[in-house]
Amino acid sequence: AALALARLANYSEELAEAIVSNDILPQLVYSLKAYNRFYKKAAAYVLRAVARHSEHLAKAVVEAGALESLVQCLNEFDPSVKEAAAFALAYIAKHTPELAQSVVDAEALPLLLKCLIEPEAKLKTIAAAALSEIAHHTPELATAVVELNALPLLTGLINYQDSQVKKYVCACLSHISKHTADLAKEVAHTDLFTRIMQLLKDPEVQVKKNAASCIREITKHSSELAHDIAHAGGVNPIVDFLNETKGTARLPGITTLGYLSAFDQDLANAVVSAKAVKPLHEALKTETDPNVKATAAWSLGQIGRHSAENAKALAEEGVLATLTALYMAKESPDDLKNKCKKALKNIIRVCDSLSKLQDLLLEGIPSNILKYVVARFTLLLHDSGEDRRVFVKDKGLRQIQGIKAPPGSKLREYIDEINNLYPPEIVQFYAPDYENTLLKKLEEYHQDQFS
């Protein structure tokens, strides 16, 4: 009967609500205390099936007094009873920090950690999942897990043979690391990097993704941690991970490269040297998920913002043209447009390749992008007579004259600055209406001659 109830509750939230409203939960909690291991396993299964649906139903399970009995089940000899109880605790903890705290207050953590050292892979998996659900809510809950010396146990399982164990262990370490730099340092200082980088080659996509997520959550906190990852040889494995995955699975790798590049030029150079630009650009061009595209745009902007060399590497790969096209595309969502615009600004302001900047002088390009390009031209042309000559030869000055900028606008100011670098007759020669002016003069000349 309990198994039938569990299947019903697992099937839909409405049926789980019916179990709660018919006061069946107290009977199930009693079963956890009073009956044999088969009843306990079945009762825990029902509690898990009810708690999984919503915060409201998970609270109902807690209010029925289930936590104490579930925690006691973690001390049972039968591994399947422990698994059922740990699973139920995981589903209770996942909804809110308050529910997770109630699981901690019920003294579940020491027994969940004990489950990690049991021989059964399934029990290890569920225990790691429960710890992950607790740790992901707040720094305080993550600290509660760490303070019980969980990190050596978790990192010791990173290279376990079972893929499900590895997946949830990486998720747990990721959730611990994400909150603060101090927690990230504690995770990083457990000889983590060498082990977890091996998982970036794992045949299971979710294992690779969770491993990359853990590296990302450590990287984001500080330059020191980012350098630790780079010095541990972490950049190339992340780039390989990016080349070997597709879709949303790539996101943690894309974000990691962005975080690494954001801190300083040395790290950005390391990312460029690891040949990261090509797969990031490929993700920007070919991925269909707007979030993946937007994250790739952001990461490329972080790579290119530090130096002319990195900006040139991006420009030569065609990144500027792709960012511009996505920014101008009507179907691009606002977040993607904003990230493309910021990336273009970051790259353009340090780019010193006249020819690549000229490629952006496209018909229809928005003035709020155009002004960054023209502003960069003013600086480059002001400092170099040779660049001014090349700019004329390559028809850049002609393109500049064709830009329609409102009087008094920043764009108009930049165009005027460029024009002031050349003799007036050269500027006039490349003006869009110069041909008409010459024809008008010719007509006036004829009229004077033959009147």
Side-chain angles (χ1 to χ4, degrees), residues 71 74 82 86 89-90 93-94 97 100-101 103-121 123-200 202 206-222 224-229 231-234 237 252 256 259:
V71 171
L74 293 176
K82 294 179 185 179
L89 291 168
K94 81 170 190 174
Q101 186 63 55
V103 172
V104 173
D105 292 341
E107 299 184 356
L109 287 181
L111 294 172
L112 287 171
L113 291 174
K114 188 177 176 184
C115 290
L116 290 177
I117 59 176
E118 295 288 346
E120 295 79 14
L123 182 55
K124 291 177 188 288
T125 300
I126 298 169
L131 291 166
S132 179
E133 296 292 3
I134 292 167
H136 95 270
H137 288 292
T138 65
E140 291 75 21
L141 286 165
T143 300
V145 173
V146 171
E147 286 179 344
L148 288 175
N149 205 28
L151 292 180
L153 293 175
L154 289 165
T155 53
L157 292 171
I158 283 177
N159 301 120
Y160 194 74
Q161 66 267 27
D162 186 272
S163 62
Q164 292 297 306
V165 172
K166 291 185 284 189
K167 179 173 81 171
Y168 285 105
V169 163
C170 288
C172 187
L173 291 169
S174 176
H175 288 155
I176 292 170
S177 303
K178 74 178 184 178
H179 295 292
T180 67
D182 287 340
L183 284 169
K185 285 179 183 178
E186 290 208 47
V187 173
H189 291 163
T190 57
D191 192 27
L192 174 81
F193 295 141
T194 305
R195 298 180 184 184
I196 206 162
M197 283 171 198
Q198 296 173 13
L199 295 189
L200 295 174
D202 196 272
Q206 197 59 48
V207 173
K208 290 196 285 192
K209 183 180 178 182
N210 288 2
S213 296
C214 183
I215 296 171
R216 174 193 64 196
E217 297 301 339
I218 294 170
T219 305
K220 72 180 184 182
H221 287 290
S222 69
E224 177 190 351
L225 286 167
H227 276 280
D228 286 346
I229 287 169
H231 291 154
T256 300
Y259 282 139

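Leu109 has its side chain within reach of Leu131: a pair of non-hydrogen atoms, C-beta onward, lies under 4.5 Å apart. Under the 4.5 Å side-chain criterion, counting only non-hydrogen atoms from C-beta, Leu113 is not in contact with Asn149. The side-chain heavy atoms of Ile196 and Asn159, taken from C-beta on, include no pair separated by under 4.5 Å. Side-chain contact between Leu74 and Cys115 is present, with at least one heavy-atom pair separated by less than 4.5 Å. Side-chain atoms of Lys166 and Leu157, non-hydrogen and from C-beta on, never get closer than 4.5 Å to each other. Side-chain contact check for Leu183 versus Ser177: every heavy-atom pair is 4.5 Å or farther apart. For the pair Asp228 and Phe193, the minimum side-chain heavy-atom distance is below 4.5 Å.
His179 places no side-chain N or O within 3.5 Å of a backbone atom of Thr143 that could act as its donor or acceptor partner. Side-chain N or O atoms of His175 include none that pairs as donor or acceptor with a backbone N or O of Ile134 at under 3.5 Å. With hydrogens and angles ignored, the 3.5 Å screen pairs a side-chain donor or acceptor of Thr155 with a backbone N or O of Leu151. Between the side chain of His136 and the backbone N or O of Glu133, at least one donor-acceptor pair lies under 3.5 Å. A distance-only check finds no donor-acceptor pair linking the side chain of His221 to the backbone of Asp182 [under 3.5 Å].
The nearest pair of heavy atoms linking Leu89 to Ala108 is CD1-CB, 4.1 Å. The two residues Ala121 and Val165 come nearest to each other via the heavy atoms O-CG2, 3.4 Å. Nearest approach of His137 to Ala100, heavy atoms of both residues: CD2-CB, 3.5 Å. The shortest non-hydrogen separation linking Glu186 to Val146 is OE1-CG1, 3.4 Å. Between Pro237 and Leu200, the shortest heavy-atom distance links the atoms CB-CD1, 3.7 Å.
Within 6.0 Å of CD in Glu107 there are 12 or fewer heavy atoms belonging to other residues, nucleotides or ligands.
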message: Pair Leu116, Leu154 - check side-chain contact (heavy atoms from CB on, under 4.5 Å), show working.
response: CA-CA 8 Å; Leu116 290 177; Leu154 289 165; 3.9 Å; yes
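For Lys82, the side-chain hydrogen bond (donor to acceptor under 3.5 Å, both in side chains) partners two or more places apart in sequence, or in a different chain, are Glu118.
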Per-pair distances, 0.1 Å, donor-acceptor, side chain in residues 210-218, under 3.5 Å, sequence neighbours excluded:
unit_1	atom_1	unit_2	atom_2	d
Asn210	OD1	Gln206	NE2	3.0
Asn210	ND2	Lys167	O	2.8
Ser213	OG	Lys209	O	2.9
Glu217	OE1	Lys220	NZ	2.7

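Classification of Asp162 and Lys124 as a salt-bridged pair fails, no side-chain N sitting under 4.0 Å from a carboxylate O.
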